[in-house]
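Here the structure comes first, spelled out in structure tokens, and everything after it is commentary.
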Protein chains: 2
Amino acid sequence: MELKQLGEFGLIDLIKENTIVDPASVIVGIGDDAAALLPSPRQLQLLATDMLIESVHFDLTTTTPWQLGYKAIAVNLSDIAAMGGVPKHCVVSLALPRNVQVDFVRDLYQGMKEICRRFTVNIVGGDTVSSPQGLVLNVAVTGEVEPARLQRRSGAKPGDLVVVTGELGNSAAGLDLLRRGHWQEFVFARQLVTCHLTPQPQVQAGLLLAAFANSMNDISDGLASEANEIAAASQVAVRLFEQQIPLSAELTAASAVLGNAALDYALYGGEDYQLLFTIEPEKLRVLPANEITAQLTVIGEIVRGPAGVELVAADGAARGLAPKGYNHFG
Amino acid sequence: MELKQLGEFGLIDLIKENTIVDPASVIVGIGDDAAALLPSPRQLQLLATDMLIESVHFDLTTTTPWQLGYKAIAVNLSDIAAMGGVPKHCVVSLALPRNVQVDFVRDLYQGMKEICRRFTVNIVGGDTVSSPQGLVLNVAVTGEVEPARLQRRSGAKPGDLVVVTGELGNSAAGLDLLRRGHWQEFVFARQLVTCHLTPQPQVQAGLLLAAFANSMNDISDGLASEANEIAAASQVAVRLFEQQIPLSAELTAASAVLGNAALDYALYGGEDYQLLFTIEPEKLRVLPANEITAQLTVIGEIVRGPAGVELVAADGAARGLAPKGYNHFG
């Protein structure tokens with residue numbers, strides 16, 4: 001069935017179901033002019049937004065609507081995680097082509113609702129409009145953070161270690177495999193493709209690290225770009241050690257097939273949605289041992305010097321690392 | 001100069017200027033992963049979003065970028081006004097065609113900044129991406145409201161009067177004049193066109209009425225649609241009196257030229273962004289006399305009966321009023 005047969009009210013009913021997973025904080029959800037929400041006491045409010053455009057950010061021949069919905073929320077939760085916050089509520093704007101099928105919209109929302117359920121985020125409103133060409137999704141998300149735990153890009157200090165969660169470059173290699181096609185023939189490909197299509201925002205890691213880190217960023221545009229943002233915002237020199245950058249075995253295998261350097265995926269690939277942070281060495285040592293801290297890798301240090309990033313190779317040779325990256329604009 | 005020559009960081013610098021008009025509530029504005037904001041104590045948080053799509057919601061041959069920016073914020077502030085709240089912060093997502101000029105983006109933001117300055121709303125973040133075809137704007141706005149003043153669609157009670165701010169139908173007639181062209185030849189046209197291109201959200205009225213009204217809605221989709229929403233949400237019968245609906249002299253003049261009934265613009269036109277509310281008669285009498293209350297018109301009453309809307313003509317004949325309207329979807 002096409003959506004126009006369902007009508008606007010039918011669509012709202014379809015969307016509304018299972019959107020509130022934390023009812024205690026919602027006074028008014030979907031269906032009024034605005035949502036009305038109960039903030040937690042003594043918290044700062046966080047607010048972020050991200051827009052995804054068909055044929056720029058996603059390709060409906062390589063992603064399912066469920067995956068697309070999941071990812072649209074994930075990239076927003078990642079922004080809240082990078083501030084050390086807990087995501088709370090989101091509103092979703094959709095521009096849909098006129099001939100879109102009801103099943104497509106249902107699946108898109110199922111993906112959104114699944115990740116929202118996992119992270120206890122309410123969908124409290126939105127806007128659904130007609131698109132003359134191509135699908136557009138915009139999500140805006142709110143979060144909360146204790147004032148003392150707020151993480152900015154600007155807090156890095158000389159002497160800090162530079163640390164990342166997880167592995168880098170997987171998502172961009174996954175994208176290249178999707179574009180190449182026939183990726184199912186490679187045993188290593190599924191994990192990379194999954195990293196690209198349904199990234200996992202590092203909300204739990206962000207909450208843990210918020211009490212210890214000096215600065216934090218999520219890796220949406222590649223390590224080179226994000227490290228430069230911390231360097232510029234904090235006015236410090238970031239020194240990264242090439243050999244310490246965590247690359248997965250799957251990435252290494254895929255890079256050989258794709259004819260690119262694995263390291264370049266990590267530096268310039270983007271969309272990993274891991275966290276990059278700086279922390280005093282003594283604080284890194286006192287982090288509790290758990291699943292999150294087991295996935296941390298020290299990849300560099302903050303030193304005195306002009307703001308910028310240098311990458312030190314295995315032989316000790318250093319080169320400047322420019323913020324070239326994945327950029328859906330320009 | 002084309003935007004791609006300016007680059008991403010040049011663009012952020014251009015956008016960032018004069019975005020914070022209420023600095024006391026902003027801990028982190030544009031330039032980090034998310035904004036961090038200081039909520040006012042003991043308020044509910046409001047959250048709304050609206051998306052505008054080129055060739056669906058606007059036509060760049062009849063609107064300037066300044067007007068478009070102004071309107072994109074205005075329609076969101078109207079949602080906050082309809083809840084009885086004060087707008088606080090917004091985030092702006094833009095999908096821009098690759099060949100867009102820097103001046104265009106500057107003017108778009110100047111329009112947004114002008115209305116934000118007037119209503120003391122901060123622009124605290126956003127996302128700027130590339131669009132393969134056509135401009136897309138999405139704004140998400142937060143607001144605050146005292147819990148006791150929160151206005152919903154569902155609070156209308158039998159015995160309430162039905163009241164509107166301002167005049168209805170002007171915006172839709174302005175749109176028809178723009179589409180027709182050569183509107184400058186009509187002395188009545190400018191005001192209608194202005195209502196369409198740069199609507200004024202009724203924030204001050206909403207704040208005043210929040211202490212007195214039982215239910216409220218902004219008129220984005222035409223009176224017929226909005227009255228039906230209140231009827232359905234409150235499970236009441238809304239009776240409107242045709243002759244009491246406030247129509248401007250300009251609308252009446254334009255309707256003759258355009259060959260449509262002035263009343264139909266008010267009922268089905270949409271985009272007036274006036275407020276429709278219900279209020280007990282004794283509370284309406286005690287409203288303070290001022291600029292806002294001078295613009296109020298009683299247009300009907302809430303009566304017992306099945307949920308729905310009826311329109312009573314001058315001769316006393318009543319007909320059901322369906323929520324047919326302006327709808328950018330379906």
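Worth knowing before you read on, the calculation uses all heavy atoms, side chains too, and leaves out hydrogens, waters and symmetry mates. Quick note on labels: first sequence line is chain A, next is B, and so on, each numbered from 1.
No donor-acceptor distance shorter than 3.5 angstrom exists from the side chain of B/Asn138 to the backbone of A/Ser93, with no hydrogens or angles considered. A/Arg152 places no side-chain N or O within 3.5 Å of a backbone atom of B/Asp33 that could act as its donor or acceptor partner.
Only the backbone of A/Leu94 comes within contact range of chain B, with heavy atoms under 4.5 Å apart. For A/Ser25, no part lies near chain B; criterion is any non-hydrogen pair under 4.5 Å. Contacts between A/Ser55 and chain B at a heavy-atom distance below 4.5 Å involve the side chain alone, from C-beta outward. Contact annotation for A/Glu2: neither backbone nor side-chain heavy atoms come within less than 4.5 Å of a heavy atom of chain B. When heavy atoms are compared at a cutoff of 4.5 Å, A/Ile27 approaches chain B by way of both its backbone and its side chain. Proximity to chain B involves both the backbone and the side chain of A/Met51, based on heavy atoms less than 4.5 angstrom apart. Using a 4.5 Å cut-off between heavy atoms, A/Gln5 does not touch chain B at all. With a 4.5 Å cut-off on non-hydrogen atoms, A/Ile53 touches chain B through its side chain but not through its backbone. Only the side chain of B/Thr142 comes within contact range of chain A, with at least one heavy atom under 4.5 Å from a heavy atom of that chain. For B/Gln43, the part lying under 4.5 angstrom from a heavy atom of chain A is the backbone only.
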**Check against side-chain contact (heavy atoms from CB on, under 4.5 Å), A/Leu150 and B/Val28** = CA-CA 10 Å; A/Leu150 177 66; B/Val28 178; 4.0 Å; yes
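By the 4.5 Å heavy-atom criterion applied to side chains, B/Leu47 and A/Val124 are counted as neighbours.
The choice from A/Val92, A/Asp50, A/Leu52 that makes the most heavy-atom pairs within less than 4.5 Å of chain B is A/Asp50. The choice from B/Gly126, B/Ala140, B/Gly134, B/Ala81 that makes the most heavy-atom pairs within less than 4.5 Å of chain A is B/Gly126. When each of B/Arg153, B/Met83, B/Met216 is checked for heavy-atom pairs under 4.5 Å with chain A, B/Arg153 comes out on top. Heavy-atom pairs under 4.5 Å with chain B were tallied for A/Gly31, A/Ala233, A/Pro147, A/Gly85; the largest tally goes to A/Gly31. Put simply, of A/Asn76, A/Leu37, A/Leu38, A/Asn217, the one with the most heavy-atom pairs under 4.5 Å next to chain B is A/Leu37. The candidate from B/Gly125, B/Ala36, B/Ala48 with the greatest count of non-hydrogen atom pairs under 4.5 Å with chain A is B/Ala36.
Atom OG of B/Ser131 and atom CD of A/Gln133 lie 9.0 Å apart (nearest 0.5 Å).
Of all heavy-atom pairs between B/Ala34 and A/Ile80, the closest is CB-CD1, 4.3 Å.
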